[in-house]
Amino acid sequence: MPAIEISPAAHRILQLPASLLQALLLLAAGAAFLWILRRRLQLLRAASPQPRLDRPGRRLLRLLVIGFGQARQPRYRLAGGLHILIFAGFLILSVRSLGLIGEAFAPGFADFGPAYAASKDWVELLVLAACATAACRRLLLRPARYHDRHATESHAREALLILGLISTLMVADAVYDGSGLGLRGETGGWREPLATLAAGLLGGSETTLLRAHLAGFWVHNATLLLFLCLLPLGKHFHVLTALPNVFFSKLEPSGAVKPPSYREADFDSLESVGVGRLEDFGWKHLLDAYTCTDCGRCSDHCPAYAAGTPLSPRMISLKMRAAAYAHYPVFGPVVPPAERPALVGETIGEGELWSCTTCGACEEACPVTIEYIDKVVDMRRRLVDEGRLPATLQKPMAALEKRGNPFGKTARQRGRWAEPDGEEEPLLPALDPGEAADVLFFTDSAVAFDPRLQRTAAAFARLLRAAGVEAGHLGRDEVDSGHEARRFGEEGLFLALREQNRAALAERRFARVVTTDPHAMNALRHDYGLERPVLHHSQLLAELAADGRLSFSPLADRRTYAFHDPCYLGRHNGQYEAPRRLLAAIPGLRTVEMERCRNRSFCCGGGSLYLFNEVECERRMGEIRLEQAVAAGAQVVVTACPFCLINLEDAVKTSGREGEIEILDLAELAARAAGLATPAAASGG
Amino acid sequence: MDIYVCVRRVPDTSEVEIEIDRSGRALEEDDFSWDINEWDAYAVEAAVQLKERLGARVTALTVGDEDDEEVLRRALAMGCDQARLLSDDVFAGADSWVTARILAAAMAEPRPDLVLCGAVSADQGRGQVGGFLAGLLDLPLVALATDLQVEEGSARVRHEVSGGVEHLVDLRLPAVVTVQTGLNEPRYVSIRGIRKVAGVEIPVLGAADLGLDPAELQPRVVTEELFPPPQGGGAEILTGSGEEQVERLVELLHEHGGLV
Ligand code: SF4
Ligand code: SF4
């Protein structure tokens with residue numbers, strides 16, 4: 001037993017009993033915190049409804065894996081590793097911190113036994129080291145990711161302040177613990193290295209030790225409460241909101257866009273559509289903005305950012321949060337919408353919004369599951385509703401409306417791809433209403449009309465014929481799937497197109513739908529809610545190869561092939577294996593993987609309406625992707641999406657690599673390996 | 001301020017294999033899609049922008065039948081306040097002159113402060129209606145406007161004259177102005193925008209309503225025959241490999257004095 005009472009509960013500070021001082025501190029901090037929080041919640045309450053309480057089991061699982069499990073952190077080894085350390089430390093030490101608050105009221109409250117004391121001491125040491133490393137990164141290494149090209153202010157100071165506060169907590173607790181050891185005449189040794197170190201530094205005088213003990217205690221407790229109040233003022237709000245944000249995250253497939261309204265199902269009777277001001281966002285999308293940690297991983301993966309367009313997804317979150325804090329200030333009245341700068345058009349520029357290809361790389365990278373595509377689409381919906389569609393998109397949009405495809409071709413020309421010159425009968429029959437086939441091939445507009453893409457459809461049709469698949473297409477009754485029309489915010493046009501396609505599909509009998517266009521597949525699956533299975537041609541071809549209905553012989557060339565994962569096949573629909581299985585079925589094919597493959601795949605520019613979209617940029621996304629393929633040592637890039645093919649082939653031309661590298665659709669490669677290649681498709685390379 | 005905009009529905013013939021119908025005086029229309037004449041969209045946008053800035057009542061007019069109502073709906077969706085469909089059996093076959101007479105009659109009440117027309121129509125390409133209209137209304141005309149600034153009672157118009165020269169004209173309203181494409185950026189009209197004005201009533205006015213005597217509506221220009229231009233000589237398609245084609249092309253250019 002020590003000679004004097006060492007619990008801070010027994011010592012008056014400024015004449016006040018410890019319990020009273022602690023109660024006052026708690027009250028003040030609690031009141032300030034709740035006051036700020038109330039403002040933050042006020043905006044969420046004013047926001048639009050967004051149902052995010054369904055499927056609680058799946059939500060809990062996400063919370064465990066992505067939240068507590070920090071599953072998305074390791075994508076960045078050092079930064080992610082540091083964060084996992086700090087997060088684990090935070091969880092373990094929050095027990096300690098609460099204990100120290102209790103200690104002011106009841107001596108011995110913070111004593112959780114020697115095992116906890118030892119582990120928390122080690123954790124504090126690790127967290128201190130992590131903080132120091134993180135600060136060094138910020139100050140000395142300055143990774144590019146932390147400095148957004150479009151940012152007007154740096155958040156480095158805030159980050160350093162928070163690191164400083166965390167370090168203060170660690171040091172204060174170590175001083176408190178170390179002096180406690182000294183006062184009790186104990187030594188911690190290797191069990192408590194940090195406290196032992198502190199004890200050693202403090203020396204042996206009892207007065208010094210007691211002063212340090214009390215100082216450590218109160219500095220810790222006051223810093224903790226200050227920290228709490230600072231959280232909802234900046235980017236470290238995520239300490240509180242990240243876990244809820246993960247719990248409430250979107251469970252629908254990332255390829256499914258949110259409906260214009262959750263309240264009103266009939267689009268035409270909506271009073272307004274899309275997002276024009278802060279409160280038009282769903283509450284969860286505003287919680288996203290509160291939660292953004294400004295880590296920059298989204299923009300680091302964003303092809304539009306890499307290409308130097310006005311878009312940086314992180315800035316959308318940061319600007320939303322800045323607007324939220326400015327218009328719902330901690331003190332003073334809410335700023336009425338009429339007195340704010342326009343959210344869409346000023347705060348968030350039109351150029352930013354039209355630059356997004358909806359590739360989903362940002363969402364896949366975000367450690368706290370922040371969404372972008374739905375927000376972008378919702379803001380575009382408002383722009384379109386107000387007539388603010390970029391001039392270059394007006395013609396293709398009108399052509400979609402009048403002729404059912406963005407190229408303005410007539411319906412009569414739609415099925416012509418199946419009748420190439422020199423063929424006696426069509427490669428694939430057009431099904432008349434009432435007719436049946438096992439597989440229905442939905443081509444979508446680009447494949448139906450673009451001469452280069454028609455060759456991919458022809459190759460696929462030849463493979464189907466060789467494998468004895470009974471298939472047909474919709475002929476002139478097919479119209480554009482409307483996938484891009486919807487994602488460009490023209491919901492009414494999408495609905496009209498869907499109605500026409502649904503009618504054409506309903507008139508024919510088929511067991512499955514197949515398409516060579518992942519966007520069409522995504523539309524048919526998630527936007528149409530078609531009841532029959534919708535396959536991508538990579539899946540059907542892999543299936544036919546596995547069943548032995550297609551067989552491949554080695555190709556004559558000795559080139560190296562790389563597969564480029566299309567966003568809407570991979571990230572948005574989780575299909576990474578079928579194309580790779582098909583490549584593996586071709587004997588002797590030498591393949592490499594690009595660094596950005598599978599769910600980290602780099603979008604090559606987007607399709608359909610994106611082909612008409614002219615956004616300012618420094619480089620074309622397709623060119624960047626092509627360089628990545630070259631860097632991986634590929635001589636042939638195999639894609640499974642018509643637009644990847646177009647964008648990458650364009651990139652081959654614009655970067656002067658003709659003859660060096662070839663771009664092929666999976667179907668063309670398979671047709672070659674199956675000995676079905678047409679002269680046209682076999683040329684090139 | 002009362003602004004009238006005259007619009008017209010024209011076929012989009014791009015991507016269509018043009019065929020002449022059996023009468024020999026018109027085109028086979030099966031594959032056509034129809035839309036507002038491009039120039040007229042700029043006129044409507046100009047009118048709506050003036051309304052938004054200065055306050056005005058904008059009336060859209062077209063001469064045609066019920067199919068042509070579509071372009072009036074588009075004009076309404078863009079922001080016009082009202083529209084009139086000028087339709088009558090006796091208007092059939094109207095040429096530019098007759099069309100202008102019908103339009104002028106529809107502007108009798110209220111009198112216009114400003115009349116805006118597209119400079120030409122994409123189908124006929126005559127560019128006459130605006131001029132006739134100015135004559136019939138006895139108003140000053142500025143054709144082919146590329147910029148239009150309106151203040152209370154007056155306008156400053158920039159317009160093209162031949163040889164790429166532009167004039168800047170100040171004039172007092174009322175006046176007729178025909179506009180070039182590029183004057184502004186016509187807003188997009190979404191499907192929802194069209195549906196929102198689906199219920200707006202568009203009065204149909206015939207010859208009697210407009211006080212027009214059918215006898216005065218005889219077209220002065222009649223289409224006798226429509227035919228593709230006769231094939232001229234001199235066109236040659238080069239064949240062979242890329243290199244051979246280029247060689248031949250250089251040769252030809254030399255021969256014809258294109259390369260010196
Ligand atoms: S969806 Fe793709 S293009 Fe759009 S912001 Fe995210 S990463 Fe960038
Ligand atoms: S949105 Fe996500 S990935 Fe992007 S900066 Fe914010 S937290 Fe990081």
Side-chain angles (χ1 to χ4, degrees), chain A residues 260-261 266-274 350 354 380-414 416 445 449 476 482 485-486 488-500 609 658, chain B residues 9-19 27-42 44-49 51-52 67-68 70-71 73-80 122 181-200 241-242:
Chain A
S261 164
D266 180 28
F267 180 65
D268 286 332
S269 49
L270 288 177
E271 245 171 63
S272 72
V273 291
E350 293 183 26
W354 297 117
R380 286 177 178 176
R381 281 176 177 151
R382 176 59 62 90
L383 286 176
V384 166
D385 205 50
E386 291 175 352
R388 288 144 84 191
L389 184 75
T392 54
L393 289 172
Q394 296 214 10
K395 271 228 161 79
M397 212 61 113
L400 272 175
E401 178 195 337
K402 304 277 179 187
R403 289 191 170 154
N405 67 80
F407 310 105
K409 304 273 185 184
T410 59
R412 192 196 292 264
Q413 294 162 279
R414 193 159 190 117
R416 292 225 177 122
S445 304
F449 293 118
R476 59 180 300 171
R486 178 172 232 191
F488 270 88
E490 188 23 321
E491 184 76 7
L493 181 55
F494 160 75
L495 293 174
L497 293 166
R498 179 173 75 179
E499 199 174 301
Q500 289 179 61
L609 291 169
E658 281 156 302
Chain B
R9 177 172 161 270
V10 296
D12 176 4
T13 53
S14 63
E15 300 290 341
V16 177
E17 287 147 37
I18 303 276
E19 284 167 47
L27 296 178
E28 207 52 86
E29 294 182 353
D30 285 358
D31 281 345
F32 288 0
S33 60
W34 299 79
D35 209 338
I36 187 169
N37 178 40
E38 196 182 344
W39 285 262
D40 301 350
Y42 288 85
V44 174
E45 178 65 35
V48 173
Q49 283 185 10
K51 167 189 156 181
E52 285 169 350
D67 288 338
D68 297 293
E70 170 193 340
V71 291
R73 297 250 171 247
R74 173 169 286 268
L76 289 172
M78 284 176 78
C80 292
T181 55
L183 178 75
N184 47 42
E185 280 187 24
R187 63 199 68 194
Y188 177 69
V189 177
S190 67
I191 302 273
R192 188 178 120 91
I194 296 274
R195 296 229 180 99
K196 272 201 288 199
V197 296
V200 177
S241 74

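Throughout, protein chains are lettered first and strands after them, A, B, ... in sequence-line order, and every chain is numbered starting at 1.
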* **A:Glu499 atom CD, neighbour heavy-atom count above 12 within 6.0 Å** => no

* Backbone N or O of A:Gln413 within a donor-acceptor pair of the B:Glu15 side chain at under 3.5 Å? -> no

* Asked: Most heavy-atom pairs under 4.5 angstrom with chain B, which of A:Leu393, A:Val384, A:Leu383, A:Asp385?
  -> A:Asp385

* To do: Without swapping roles, check the side chain of B:Arg195 against the backbone of A:Gly492 for a donor-acceptor pair under 3.5 Å.
  => no

* **Test applied, salt bridge (Lys or Arg N to Asp or Glu O under 4.0 Å); reference residue, B:Asp31; option that passes from A:Arg414, A:Arg412, A:Lys409** => A:Arg412

* Between A:Leu270 and chain B, which part of the residue has a heavy atom less than 4.5 Å away: side chain, backbone, both or neither? -> both

* At what distance, to the nearest 0.5 angstrom, does CG of A:Leu495 lie from CZ of B:Arg192? -> 11.5 Å

* Inter-residue atom distance B:Ser190.OG - A:Glu491.CD, 0.5 Å rounding -> 11.0 Å

* Give a yes or no on this: more than 12 heavy atoms of other residues, nucleotides or ligands lie within 6.0 Å of atom CD of B:Glu52. => yes

* Structure fact -> chain A shares the most heavy-atom pairs under 4.5 Å, among B:Asp30, B:Asp35, B:Ile194, with B:Asp35

* chain B heavy atoms under 4.5 Å from A:Phe267: which part of the residue, side chain, backbone, both or neither? -> both

* Asked: Do other residues, nucleotides or ligands put more than 12 heavy atoms under 6.0 Å from B:Lys51 NZ?
  -> yes

* Asked: For B:Glu70, is it the side chain, the backbone, both, or neither that has a heavy atom closer than 4.5 Å to a heavy atom of chain A?
  -> side chain

* Structure fact -> Output for pair (B:Ser14 OG, A:Arg403 CZ), nearest 0.5 Å, gives 5.0 Å

* Asked: Is A:Lys402 close to B:Asp12 at the side-chain level, that is, under 4.5 Å between some pair of heavy atoms?
  -> no

* Output yes when a side-chain donor or acceptor of A:Glu490 lies under 3.5 Å from a complementary backbone atom of B:Ile191, and no otherwise. => yes

